Each structure stands twice: as C-alpha cells, then as structure tokens.
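Since the structure comes first, as structure tokens, the remarks are kept for the end.
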Amino acid sequence: METLHTGDSASPVSGFVDPALHLPYRDSANEEGVGPFPPNDFWRNPLPGSVMTQQPASAPEASPPAISKDFIRAMVDEDMATGKYGGRVHTRFPPEPNGYLHIGHAKSICLNFGLAREYGGKCNLRFDDTNPTKEETEYVEAIKNDVRWLGFEWDGPERYASDYFGRLYDYAEALIQKGKAYVDDQTADEIRDNRGTLTEPGRASPYRDRSVEENLDLFRRMRAGEFPDGSRVLRAKVDMASPNFVMRDPVLYRIRRAHHHRTEDAWCIYPMYDFAHCLSDSIEGITHSLCTLEFENNREIYDWLLIQLGAYRPQQTEFARLNITHMVLSKRKLIQLVRDGHVRGWDDPRMPTLSGLRRRGYPAAAIRELCARVGMSRAAGTVAEYSLLDFCAREALNYTSPRVMAVLDPVKVVIENYPEGRTEWFEMPYFPEEGGGAPESWSGPKTRKVPFSRELYIERDDFRIDAPKKFFRLSPGREVRLRYAYFIICTGVVKNDAGEITEIRCAYDPETRGGDAPDGRKVKGTLHWVSAAEAVPVETRLYEHMFAAVAADTEGGDFAAGLNPDSLRIVTARVEPALAGAKAGDAVQFERLGYFMADEDSKPGEPVFNRTATLKDTWAKVERKED
RNA sequence: UGGGGUGUCGCCAAGCUGGUAAGGCAAUGGACUCUGACUCCAUCAUCCGAGGGUUCGAAUCCUUCCGCCCCAGCCA
C-alpha cells in the first residue's frame with residue numbers, strides 16, 4: 001500500500017461558489033436581473049421543515065394551516081375582505097439613518113417586506129431623516145445593503161422624508177389656516193414645565209391664541225430664517241388637558257440650522273416625527289403603517305393630524321419588538337461597545353448588527369427564519385432565547401455547508417506501526433451521501449483529498465487516560481475510527497515533565513482502510529483528525545456571548561463591567577490542506593465542531609475563520625451529569 | 001398617581017363568535033449513526049397572573065385585584 005495520490009492533487013476549496021454563501025460579499029445578488037430576490041432564495045425555496053413551508057398554500061381547499069396567522073396578517077385579511085384600501089397592501093420600512101441595522105430591525109423588515117410579498121403588494125424603503133443633526137449618508141448605504149442582504153428589494157427608488165419637506169411645509173401652513181397650529185415663543189424649558197404631569201393637565205401657552213394671520217406670518221419668518229435656533233416652534237393646537245401627553249400640543253416644527261445630508265442648507269426648520277411620519281405614509285399611499293409598541297401613544301396624533309388635514313389615512317398598527325437573550329440591542333449601548341473598543345467595529349462578529357451577524361457567518365435565511373419562528377404579538381418585553389437563533393443557523397447551515405476536518409486544540413498522535421515517510425491521500429466527500437449529498441446550489445467539487453500519515457493531530461478533548469464508560473473516544477486500550485481512514489487503538493502516552501500529554505502512541509489496523517473493518521467489528525467513536533506534516537495552521541476566532549442571559553440594566557452606564565472577557569478567543573487551528581484556499585465568505589462545517597466562515601481578513605492562502613455556531617454537543621451534557 | 005398596552009409550559013406563541021389548552025425552541029428518554037451532528041420516535045401546562053361571579057360548561061363573558069411595558073425630547 002503506497003501513496004495513492006500525490007500532494008498536488010488535493011482539491012483547493014476554491015470551488016466554494018454557492019451564491020447564498022457568498023451573498024454577503026458580492027453585491028451581485030440584485031444586479032443579475034433575477035428580480036428582487038436573490039437566487040436560491042429562502043422565500044422561494046424554504047428549507048425543509050421551515051415554518052414558512054407551513055404557511056397556508058395558495059390552494060385554499062387544503063387542510064387548515066399548521067401555523068395560524070398573526071394578528072397583523074389577520075387584520076390585513078380582514079381589510080382585503082372588506083376592501084378597506086381597495087384591496088391594496090402597501091407597507092414601508094422607515095429607518096432613521098442614524099446607525100446600523102440590527103437583528104431587531106430584521107423583524108420589522110421581514111414583516112413589512114414579507115407582508116407585501118404575501119399579498120402581492122408593495123413595500124417602500126423610506127429614510128426617516130427629519131433630524132439633520134443625527135443622520136448621515138454613510139448609514140443610508142449600509143441600511144440599503146443590509147436590507148438587500150436579508151433578501152428584500154423595495155418598490156421604486158428609496159424614499160426620504162426629506163423628499164417631502166416642501167409638501168410638509170404646505171401641510172403645516174394648511175393646519176395653521178384651519179386654526180389647528182400655532183407658533184409658540186416659549187423656551188423649551190417653559191414648554192416642558194407647562195406640559196403638566198401624570199395627574200395634572202398642562203397649561204396653555206400664552207401664545208396659544210394667536211390669530212391665523214400672525215401664526216402664518218411668524219411661521220413663514222421661521223422658515224425664512226429670521227429667528228434664532230430654538231427661539232420658536234410650531235405646535236399643534238390639540239388639548240393641553242389630554243391624558244395622553246402626545247396630544248398636549250405637540251411640537252411640529254423646530255428651528256435648527258444644521259446641515260442636512262440631502263437637503264443640505266435649504267431649510268432651517270425641520271418637522272418632528274409626529275408630523276412627518278403620518279404625512280409621509282399618507283403621501284406614499286401606505287395602507288398599513290406598522291411600527292413597534294413604543295409608538296402606541298403616537299397613534300392618536302397620527303390619526304388626528306391626517307383627519308384635520310383631510311388627508312388619506314393609513315392604519316397604524318403596533319407590534320412588540322424583538323429581544324434576544326445575551327444580546328444588547330439599544331443603540332446607545334452598541335455605540336458604547338464600539339466607541340470603547342470592546343469590539344472591533346459595527347461589523348464585529350459578536351455584534352447583533354446585521355453586518356456583524358453576516359460577518360460571523362449567520363445566513364440571511366437564518367435571520368428570516370428566526371423572525372418567522374418568533375412570530376408577532378403585542379406582548380412587550382418578551383425575550384427570545386439565543387438558542388432559537390442558533391437553531392435557525394444550524395438548520396440553514398447544515399443544508400449548505402461542506403464538511404471538512406480541522407483540529408482546534410491539537411494533540412499529536414503517532415501511529416507506531418505506520419511506515420515513516422509514507423503519505424496516503426484519501427478522497428473524502430464534502431457532502432456525505434447520508435446527509436443528502438450536495439445541495440443544488442453547490443457547484444464546487446464533490447470531494448477533496450486529505451493526507452494521512454504516521455503523525456497526526458486529534459482534538460485534545462478526544463483523548464482521556466482515565467475514561468468513563470460513556471466516553472466513546474480514544475483512551476488506552478480503546479479502539480476508535482479516524483474518519484474515513486483507519487481504526488486505531490491507543491497503546492500509550494508520552495508526557496512531559498509537567499505531566500502533560502505531549503504524544504499519544506497508537507497502532508492502526510491496515511485492514512480497516514477507508515474506515516470499515518472487514519470482520520464487521522464496530523467502534524463507538526469516530527474522530528476527526530489532520531496530518532501533522534500537511535496540516536495548515538490558520539487563525540480561528542471562537543466567539544461566545546458577550547453578555548449574561550439578560551444583559552444587566554445599564555442605565556448607570558456600567559454595563560461594560562458585565563462583559564464576558566472570553567467573548568473572543570483566538571486559536572491556531574490545524575486544518576486539512578484543501579481549506580488553505582478558502583476565501584472570505586466561504587462557509588464550512590468543521591466536522592464535530594461547528595460551522596465556520598472565512599472572515600474578510602482572510603488573505604490568499606491564509607484564511608481566517610470565524611466560528612458561527614457550534615454543533616449540538618450531547619456528550620458535553622452527559623459529561624456534565626457524570627461530574 | 002393620569003392615560004395607553006399587556007400577562008397561556010423554562011423561552012417564543014396559537015387560542016380570542018364560551019364546550020373542555022396548537023406548534024416551534026429548550027429539556028428528557030429511546031432508535032439510527034464513519035460527525036456523541038443530522039434524522040426519527042416518545043415524554044413535556046388537569047391548567048391559562050390572582051380572587052370572585054355568570055353558565056350544564058370559561059383561558060375564552062362580567063367583576064375586583066396584582067405584575068410588567070410605554071408616555072411629561074424643540075429624538076425617532
């Protein structure tokens with residue numbers, strides 16, 4: 001039995017061309033004329049077992065759907081049945097371009113774009129850019145990129161609230177004409193002091209009863225830049241005694257001489273959210289304006305303004321935002337993590353941002369699946385478990401990831417009865433047949449060659465001198481299989497002066513070549529391994545949660561104290577030669593270890609891997625119980 | 001304290017026109033296994049925040065109470 005193949009026949013991993021795997025790194029998904037959804041998209045080809053496959057089929061005679069509709073879809077059904085909006089569904093995703101999108105936004109994206117898809121409607125992407133001091137073009141581009149990565153495309157060009165500044169201004173004058181808005185000269189402090197408390201009504205501003213003419217004149221002069229910043233505001237004239245604070249004459253416009261990322265210096269007055277949002281929805285002909293629960297109190301002014309102005313009125317509906325254990329989703333805290341250097345940036349693989357999750361290796365399909373499985377409700381403050389995200393990731397990755405071998409924590413194995421200097425090259429499948437073989441999206445090679453020799457590395461965890469009965473791995477006198485190679489039996493160990501194991505001595509059974517014994521004997525354990533001489537050392541980044549299950553309340557600002565110091569662990573893994581050619585974005589399963597994706601820090605021939613998720617580890621549980 | 005919401009298995013979540021508690025995750029037991037992975041099978045709320053009431057019958061109706069979330073930015 002001599003060397004079967006030469007080293008140069010080892011297949012490089014350059015065949016990793018699954019478009020889904022590369023999506024994050026190629027902006028081509030939406031430029032190939034494939035329409036709004038990337039090829040092999042989850043929404044067209046849901047994963048087997050996906051909850052999305054359980055959505056009601058178009059054929060209504062089928063048995064009832066396994067998954068009941070959430071309250072929003074039930075409402076839309078009702079509206080479609082009654083023709084409330086002429087049978088239209090038109091939603092919008094309205095981020096403020098003041099930061100990066102995170103997994104919480106994904107829920108809203110999936111809801112708004114998903115609804116439009118399901119009902120044959122439309123969904124706009126609109127940037128809510130009414131506060132020039134916080135918004136930047138950089139975020140606009142990042143948000144567009146993230147939405148597309150998630151697998152959605154908006155209808156028409158992206159919109160901006162700032163596109164409507166002119167019309168919004170006209171609406172404001174109209175409101176003044178109707179006697180429903182006035183210019184208030186009070187200071188911000190005075191306005192606050194006069195707003196009242198939970199139990200006391202507010203007090204009317206001394207300027208509340210100005211004439212329409214005076215208000216119009218003042219408002220026009222506000223726009224013309226005659227008054228300093230903060231000196232006056234336009235307020236709706238609603239009800240200073242309303243139990244809902246939002247209705248106590250909310251500010252509609254403020255004077256703010258700031259450079260706007262789009263309108264630049266054309267305006268010195270800017271509309272507030274309550275004024276701009278309802279009217280932007282109205283202008284765009286939105287039917288269902290979906291937002292998170294904290295805007296519940298704002299629905300009253302949303303409706304009030306549109307009614308006063310006689311404008312088309314969408315239906316605002318609120319839903320609970322997404323929370324996940326071990327994750328922090330508040331913008332303030334995320335900024336702090338970046339600013340204080342606890343992470344490498346907004347796209348650090350530990351960040352809950354879409355760019356971070358993407359870089360970590362979570363497929364967009366997994367994020368969508370998570371949102372679908374979490375569902376919609378109005379129960380605030382509920383927190384989904386991280387394990388569900390991991391489950392969704394494994395579900396998607398299991399289907400698409402080629403299997404390879406890598407050792408994260410190596411210990412040397414010497415096979416005493418194996419000839420020195422000999423190297424065998426075993427051909428191994430990237431997608432074992434038992435697992436269903438390669439997915440259709442896979443266009444790379446089906447196999448690669450892996451070298452085997454006298455000196456190997458196995459995982460340190462896979463060896464025990466004193467092994468409990470349930471330990472199915474290598475220990476003195478016990479036989480195990482080296483995956484696709486040979487059975488070996490441990491004959492001894494070599495220790496250093498400190499008592500650490502430096503070498504495991506073994507004997508192999510040549511009859512078991514390929515991994516099966518002709519005499520039919522079985523082994524309980526199969527180990528992954530790598531040939532010591534040919535293995536390639538590569539930087540591998542192992543991630544753990546940054547926070548305890550529920551991130552401590554951080555209003556004191558010291559939440560950084562609770563950070564897991566081991567959230568990033570960098571190790572030098574020994575990987576099979578074929579993996580040396582991995583390029584950024586290539587996603588694989590290291591057998592028995594987990595799913596990994598080559599990071600964008602990878603260089604030719606020098607990949608860097610991020611661990612996306614571990615495999616489930618039943619042994620770890622067994623072991624814990626035995627302790 | 002005023003108003004608006006909300007409370008169903010460890011987690012998410014159906015149920016909401018009263019008829020005797022879906023599903024998923026997690027967990028547990030087992031089968032299978034050249035990944036202790038995947039897959040498969042089984043188990044997992046006599047009870048729906050609590051107390052009253054209506055009813056032959058209530059998680060679903062009425063009532064009282066309790067918990068939690070949001071609102072007093074010229075943020076969104």
Side-chain angles (χ1 to χ4, degrees), chain A residues 51 54 66-71 94-96 98 128 130-131 133-134 184 186-188 191-193 195-202 229-235 242-248 250-256 270 272-274 276-277 291-300 318 320 322 325 372-392 394-395 398-399 403 405 432 434-436 470-473 481-485 487 514-516 522-528 589-594 614-623:
Chain A
V51 296
Q54 298 170 53
I67 294 268
S68 48
K69 294 209 175 194
D70 57 63
F71 74 101
E96 181 185 16
N98 70 341
D128 231 337
T130 57
N131 184 354
T133 62
K134 294 170 61 182
D184 195 343
Q186 293 181 108
T187 64
I191 288 177
R192 189 183 61 245
D193 291 344
R195 185 130 34 213
T197 67
L198 291 177
T199 48
E200 306 159 24
D229 285 9
S231 60
R232 282 179 233 261
V233 293
L234 182 72
R235 286 231 257 171
S242 172
N244 180 358
F245 282 101
V246 175
M247 299 301 277
R248 318 248 264 221
V251 171
L252 268 22
Y253 267 90
R254 73 280 216 185
I255 304 172
R256 183 100 99 213
Y270 291 94
M272 298 285 289
Y273 167 85
D274 281 322
H277 202 88
C291 58
T292 46
L293 246 26
E294 63 267 29
F295 291 100
E296 266 180 316
N297 298 317
N298 300 261
R299 190 173 64 236
E300 198 176 353
E318 311 85 20
L322 174 65
T325 59
R373 284 179 185 260
V374 164
M376 305 296 306
S377 81
R378 291 178 57 84
T382 60
V383 184
E385 287 181 344
Y386 199 101
S387 60
L388 184 58
L389 206 210
D390 261 349
F391 170 82
C392 292
R394 292 187 188 115
E395 182 188 42
N398 178 44
Y399 181 67
R403 313 288 128 124
M405 294 200 290
E434 316 84 75
K470 292 270 191 68
F471 187 81
F472 301 149
R473 284 115 99 138
R481 168 168 43 232
L482 294 177
R483 176 143 239 224
Y484 295 127
F487 284 9
D516 280 308
K522 302 288 185 192
V523 288
K524 288 294 273 182
T526 298
L527 310 185
H528 58 98
Q589 184 197 95
F590 288 178
E591 291 214 46
R592 302 210 300 135
L593 295 174
T614 60
L615 257 30
K616 283 180 76 173
D617 189 353
T618 305
W619 163 243
K621 285 173 194 164
V622 173
E623 194 179 24

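Order of the sequence lines fixes the chain letters, A, B, ..., with proteins taken first and strands second; residue numbering starts at 1 for each chain. Side-chain atoms are counted along with the backbone in the values below, which use heavy atoms only and exclude waters and symmetry mates. Remember, it's a predicted structure, so these values are computed and weren't measured experimentally.
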Problem - Contact letters for nucleotides 4-10 of chain B, in which S counts primed atoms plus P, OP1 and OP2 and B counts the base, heavy atoms under 4.0 Å - result: SSS---B
So, OP1 or OP2 of [N]: does either fall under 4.0 Å of a side-chain N or O from [X]?
X         : N      : value
Arg256(A) : C75(B) : yes
Arg254(A) : A76(B) : yes
Thr133(A) : C75(B) : no
Thr130(A) : A76(B) : yes

Kindly point out which of [options] is positioned nearest to the side chain of [X]?
X         : options                : value
Lys621(A) : C71(B), A27(B), A76(B) : A27(B)
Asn298(A) : C75(B), A76(B), C25(B) : A76(B)
Ser377(A) : A14(B), C71(B), U35(B) : A14(B)
Phe245(A) : A76(B), C71(B), C74(B) : C71(B)
Phe472(A) : G36(B), A13(B), U1(B)  : G36(B)

Practice task
Any chance you could lay out the ring-ring contact (aromatic ring centres under 6.0 Å, His included) test for Trp619(A) and Phe471(A), step after step, and finish with the verdict?
Solution key: CA-CA 8 Å; Trp619(A) 163 243; Phe471(A) 187 81; 5.6 Å; yes
With 3.5 Å as the limit, what N/O pairs link the protein to nucleotides 38-43 of chain B?
from, atom 1, to, atom 2, distance (Å)
C38(B), O2', Asn398(A), ND2, 3.2

Problem - First of Lys522(A) and His277(A) reached from the 5' end of RNA chain B, by closest nucleotide - result: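 Its nucleotide being nearer the 5' end, the pick is Lys522(A).
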Practice task
With RNA chain B as reference, determine whether Asp229(A) or Pro243(A) sits nearer its 5' end, using the nearest nucleotide of each.
Solution key: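 Closest to the 5' end, via its nearest nucleotide, is Pro243(A).
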Handout entry: Electrostatic pair Arg235(A):Asp184(A) at N-O distance under 4.0 angstrom
Key =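 Yes, charged N to carboxylate O under 4.0 Å.
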Problem - Glu395(A)/Arg373(A) salt bridge by N-O under 4.0 Å criterion - result: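 Yes, this pair counts.
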Problem - Base G36(B) to side chain Arg473(A), donor-acceptor N/O within 3.5 Å cut-off - result: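 Checked by distance alone, the answer is yes.
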Exercise for the section: Kindly confirm whether the side-chain ring of Trp619(A) is stacked on the base of G36(B), judged by centres under 5.5 Å and planes under 30°. Expected result: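 The ring of Trp619(A) is stacked on G36(B).
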Handout entry: Non-hydrogen side-chain atoms of Val233(A) and Ile191(A) separated by less than 4.5 Å
Key =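 Of all side-chain heavy-atom pairs linking Ile191(A) with Val233(A), at least one is under 4.5 Å.
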Practice task
Report the glycosidic orientation of G73(B): syn if within 90° of 0, anti in every other case.
Solution key: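 The base of G73(B) is oriented syn (glycosidic angle within 90° of 0).
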